[in-house]
Chemist: 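This is the structure I want to talk about, given as structure tokens.
For the numbers below, each heavy atom of this structure counts, side chains included, while hydrogens, waters and symmetry mates do not.
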Amino acid sequence: FWMSRREYDIKPITVNGRRISKVVIDEHVGKHRDITDSLILKVVSKLDGERFVPDDVKVPFEYFATLVELSAKQYRLVWLLEKREIYVGVITIYRDDRSK
């Protein structure tokens, strides 16, 4: 399901009570010039210590769409967690200037 994905080891964060030490970025991410892997990793790090209710569940995956603020800009991060895994999967991310 992840064809040519990019994987990064990160300083561990806790999301939904789970220790996450890896970010996997889907091959389709990065079609926007202003979105770099470095930016994505910073946005994902903002999930640390938070709890999120999944927008959708297709076992073993939980899917989320979260508005994250970074450097006074808002991003919509579409991501997933896989049961018993230590990574956040980034499906897509884009600037989202709408209000919450």
Chemist: Please lay out, stage by stage, how L70 and L39 fare under the test side chain to side chain contact (heavy atoms under 4.5 Å, CB included).
Modeler: CA-CA 9 Å; L70 181 72; L39 175 85; 3.7 Å; yes
Chemist: Between R95 and D97, is there a side-chain N and carboxylate O pair less than 4.0 Å apart?
Modeler: yes
Chemist: Report the distance from atom OG1 of T66 to atom CG of D55, rounding to the nearest 0.5 Å.
Modeler: 7.0 Å
Chemist: Taking only residues two or more places apart in sequence or in another chain, which ones pass ring pair (Phe, Tyr, Trp, His ring centres under 6.0 Å) with Y94?
Modeler: none
Chemist: Quick check for you: to the nearest 0.5 Å, what is the distance between I40 atom CD1 and I93 atom CD1?
Modeler: 5.5 Å
Chemist: Counting only N and O atoms by type, is there a donor-acceptor contact under 3.5 Å from the side chain of T14 to the main-chain atoms of G17?
Modeler: no
Chemist: Quick check: do L81 and Y63 have side-chain heavy atoms less than 4.5 Å from each other?
Modeler: no
Chemist: I want to know whether W79 and F52 have ring centres closer than 6.0 Å.
Modeler: yes
Chemist: Would a 4.5 Å heavy-atom cut-off, applied to side chains only, mark Y87 and V23 as touching?
Modeler: no
Chemist: Evaluate side chain to side chain contact (heavy atoms under 4.5 Å, CB included) for R19 paired with I86, printing each intermediate quantity in order.
Modeler: CA-CA 6 Å; R19 189 170 184 271; I86 59 162; over 6 Å; no
Chemist: Looking at E82 and R84, does any basic side-chain N land under 4.0 Å from a carboxylate oxygen?
Modeler: no
Chemist: Hey, could you give me the CG/NZ distance between D48 and K11, rounded to the nearest 0.5 Å?
Modeler: 7.0 Å
Chemist: How far apart are the C-alpha atoms of I91 and L77, what are their side-chain angles, what is the distance that settles it, and do they pass the side chain to side chain contact (heavy atoms under 4.5 Å, CB included) test?
Modeler: CA-CA 8 Å; I91 298 166; L77 179 66; over 6 Å; no
Chemist: Report yes if some heavy atom in the side chain of F64 is under 4.5 Å from a heavy atom in the side chain of V78; otherwise report no.
Modeler: no
Chemist: Does the side chain of V44 come within less than 4.5 Å of V68's, by heavy atoms?
Modeler: no
Chemist: Determine yes or no for a side-chain-to-main-chain donor-acceptor pair under 3.5 angstrom, with Q74 supplying the side chain and D96 the backbone.
Modeler: yes
Chemist: For the CD atom of E50 and the CD1 atom of I13, what is their distance to the nearest 0.5 Å?
Modeler: 10.5 Å
Chemist: Assess whether salt bridge (Lys or Arg N to Asp or Glu O under 4.0 Å) is satisfied between R5 and E7, documenting all intermediate values.
Modeler: CA-CA 6 Å; R5 61 193 186 176; E7 287 190 25; 2.9 Å; yes
Chemist: For V90, is there any backbone N or O sitting under 3.5 Å from a side-chain donor or acceptor partner on D26?
Modeler: no
Chemist: For the CZ atom of R76 and the CG atom of L67, what is their distance to the nearest 0.5 Å?
Modeler: 4.5 Å
Chemist: Answer yes or no: are there more than 12 heavy-atom neighbours, outside K22 itself, under 6.0 Å from its atom NZ?
Modeler: yes
Chemist: From E85 CD over to I20 CD1, what is the distance, rounded to the nearest 0.5 angstrom?
Modeler: 9.5 Å
